[in-house]
Structures are given as structure tokens and as C-alpha cells.
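What follows is a single structure, written as C-alpha cells, with notes after it.
Each chain gets a letter, A, B and so on, in the order its sequence line appears, and its residues count up from 1. Side-chain atoms are counted along with the backbone in the values below, which use heavy atoms only and exclude waters and symmetry mates. Everything numeric here is computed off the predicted structure, so don't read it as measured data.
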Number of protein chains: 2
Amino acid sequence: MKSRNTLQKDLVLSAVKMLCHPTADEVYTHIAAGHPAISRGTVYRNLNLLVDSGKLRKVLVPDAADRFDVTLERHYHIRCRVCGTVDDIALPYQDDLIARIPDTGGFLVEGHDIMLIGICPACCSHSPA
Amino acid sequence: MKSRNTLQKDLVLSAVKMLCHPTADEVYTHIAAGHPAISRGTVYRNLNLLVDSGKLRKVLVPDAADRFDVTLERHYHIRCRVCGTVDDIALPYQDDLIARIPDTGGFLVEGHDIMLIGICPACCSHSPA
DNA sequence: ATTTATGCAAATCATTTGCACATAG
DNA sequence: CTATGTGCAAATGATTTGCATAAAT
């Protein structure tokens with residue numbers, strides 16, 4: 001099952017690059033503005049293909065739509081609890097986190113993810129504390 | 001809007017206590033075995049009411065059904081990537097995590113969650129490495 | 001008696017999938 | 001040519017919600 005180069009795949013990849021952590025629907029809306037014939041199914045399929053081929057990363061957001069990230073190095077994200085925006089956060093990768101677990105309860109621990117929560121700059125200024 | 005004591009609410013709370021990090025559907029199935037008339041809607045509503053009143057915690061599992069936890073203290077979870085089970089993990093709470101962020105990018109950082117991933121004891125023994 | 005809760009079914013939201021047609025290789 | 005990709009619509013899975021009825025206070 002070799003992958004082909006299609007216009008739609010290019011559009012999806014460049015939309016993610018342009019939009020910064022967009023949801024699949026945001027990617028779809030962005031592309032559909034210029035290519036009204038594209039379908040949501042194609043956007044979802046290409047997003048998954050690009051993740052599988054290592055050109056994108058999927059950011060799993062609890063209780064919200066998944067987002068997509070062009071940054072491939074391992075890093076963490078922060079989510080604005082007001083508007084839902086997701087952004088990269090400069091927390092250094094916690095290499096020793098698993099070593100800090102005194103008792104894994106029989107689990108084989110393989111990895112971790114950290115999701116920070118807060119308020120983004122835009123929402124901070126809208127409603128100053 | 002004061003909350004009432006109902007049989008269904010009691011059943012939901014004790015099911016979560018008994019099942020350890022169940023999904024809403026697991027709670028429903030467990031209760032329905034003894035009370036076939038209960039509805040999923042009621043289970044969901046009571047789970048949310050119990051979370052709002054501080055008697056349960058909701059564990060947001062990325063790309064999977066939410067789970068419910070009777071442990072109220074802040075702590076982290078680990079998810080088995082084979083069977084999907086979620087359990088508490090003894091990683092000490094990382095109080096200084098936010099302080100380790102050199103640049104928040106303008107975000108007001110309020111909190112964090114860590115989700116560990118691995119293989120649970122049962123799945124470890126089913127397919128030994 | 002009044003107001004919240006229940007059961008049911010329909011609705012919602014994000015995502016996936018089956019299928020006939022289009023197209024990249 | 002021939003397998004992979006596309007558009008469309010229907011299907012899926014988790015969760016919520018509108019509504020008439022039931023039950024707690």
C-alpha cells in the first residue's frame with residue numbers, strides 16, 4: 001500500500017503548517033475556502049496518513065477535538081481553558097519522570113504526556129484578573 | 001437547584017467505588033445487571049452531578065471514553081495501551097512542574113495533568129516480552 | 001405541591017467507513 | 001492499466017438533551 005502524492009494531501013499539510021495546532025475541522029474549513037470540493041473525509045484521511053508517515057503529530061486533547069502539530073520533536077502542550085486554543089509550551093522534556101515513580105504497580109511504564117492548562121495571552125487581555 | 005437523594009445516584013456512586021476507574025458505560029452495564037430499568041442518560045447525569053458535588057473525579061482519557069475515580073486527592077493515571085485499562089500511578093505530585101517552565105509564552109499557567117502510558121500487569125503476562 | 005430526577009429517544013460532535021468514480025504511478 | 005485516493009453520505013461511539021412522567025422534599 002504505497003502512498004501517492006495528491007493535491008489534497010499537500011493542501012492538508014500546508015494548512016496544518018499555516019494554522020498552528022488546528023483541529024481537523026479547522027483544516028477542512030481553511031482548505032474549503034479555496035477548494036470547495038474537498039470533503040471532510042479526505043481531510044481526516046490525509047491527516048491520519050501524514051501522522052502515520054511521520055510528517056505530522058496528533059495532539060490528543062482530552063474532551064475536545066484532536067489537533068495536529070508540525071513540530072515532530074517530543075514536547076508538551078498547553079490548552080487555554082477559555083477559548084480552547086492549544087499551543088506548545090517550553091517545559092523541558094521530563095526525561096527522568098518515569099524514574100521518579102517509586103512503585104509502578106506491576107505496570108510496564110513506557111512513556112508519558114503532560115498537558116498544561118491555563119489562559120492564553122489573548123484571553124488574558126480580554127478579561128484581566 | 002438543590003440535589004436530591006435518589007436510588008440511582010446511590011447506585012452510580014457505589015458502582016464507581018466497586019469498579020475502579022470505570023467508563024460511564026461500564027457503570028451503566030454494572031447497574032443494569034441488577035436494575036434493568038435504569039437508563040444511560042441517568043447514569044451520565046448522575047456521574048456529572050457527583051463530579052460537580054465533589055464526590056467523584058472525572059479522568060479525561062484522550063481518544064477514549066472518560067473514566068471516573070473515587071480518589072479525590074490530586075494524582076496521576078496510567079493507561080494500558082493494550083487493553084485500555086486506567087489505574088492510579090504512584091508518581092508523586094509534581095508541585096514544581098510549572099516553575100520549571102522558563103517561558104510561558106504569555107500564558108497564565110494554572111495547572112497540569114500527566115498521563116502515563118504502558119502495559120498493565122495482566123497484559124504483560126498475556127504477551128511476555 | 002413543587003421542583004428535581006428519570007426513562008426514553010432523538011440530537012450532537014468528532015471521526016470513520018462503504019462505495020462508486022476519479023486519478024496518480 | 002490498476003491500485004490508491006476522493007467525494008458523498010451513512011455509520012459509529014461517547015455524551016448530551018428535550019420532553020412527559022415519576023418521585024423526593
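Distances were taken from every side-chain heavy atom of B:Ser39 (C-beta onward) to each of C:dG7, D:dT6, C:dT15; the shortest belongs to C:dG7. Listed candidates were C:dG7, D:dT16, D:dG7. Nearest to the side chain of B:Lys58 is D:dT16. Distances from the side chain of A:Thr42 to the nucleotides D:dG5, D:dG7, C:dT4 place D:dG7 closest. Comparing D:dT15, C:dA5, D:dT6 by their closest approach to the side chain of B:Ser3 singles out C:dA5. Residue A:Asp66 has its side chain nearest to C:dT15 when only D:dC19, D:dT6, C:dT15 are considered. Which of D:dT17, D:dT15, D:dG7 sits closest to the side chain of B:Arg45 comes down to D:dT17.
In this model, the phosphate group of D:dA23 is not approached by any side-chain N or O of B:Gln8 to a distance below 4.0 Å at OP1 or OP2. At least one side-chain nitrogen or oxygen of A:Thr6 sits closer than 4.0 Å to the OP1 or OP2 atom of D:dT6. Considering only side-chain N and O atoms, A:Tyr44 lies nowhere under 4.0 angstrom from the phosphate OP1 or OP2 of C:dT16. For the pair B:Thr23 and D:dA14, the criterion of a side-chain N or O lying under 4.0 Å from OP1 or OP2 is not met. OP1 or OP2 of D:dT6 lies within a sub-4.0 Å distance of a side-chain N or O belonging to A:Asn46.
The line from CE of A:Met115 to CG of B:Leu60 is 10.5 Å long, rounded to the nearest 0.5 Å.
Judged by distance alone, with hydrogens and angles left aside, the side-chain atoms of B:Arg57 form a donor-acceptor pair with the main-chain N or O of B:Leu72 at under 3.5 Å.
Residues A:Tyr76 and A:Ile78 share a hydrophobic cluster, clusters being chains of Ile/Leu/Val/Met/Phe/Trp/Tyr side chains in contact below 4.5 Å.
When each of B:Asp88, B:Asp87, B:Thr71, B:Val61 is checked for a side chain to side chain contact (heavy atoms under 4.5 Å, CB included) with B:His77, only B:Asp88 meets the rule.
Judged by closest nucleotide on DNA chain D, A:Leu49 is the one of B:Ala65 and A:Leu49 placed further toward the 5' end. Of the residues near DNA chain D, A:Asp63 and A:Ala37, the one whose nearest nucleotide (by heavy atom distance) lies more toward the 5' end is A:Ala37.
Remark: B:Asp95 engages B:Arg74 in a salt bridge, criterion side-chain N to carboxylate O under 4.0 Å.
Heavy atoms of A:Asp25 sit nowhere under 4.0 angstrom from any nucleic acid atom.
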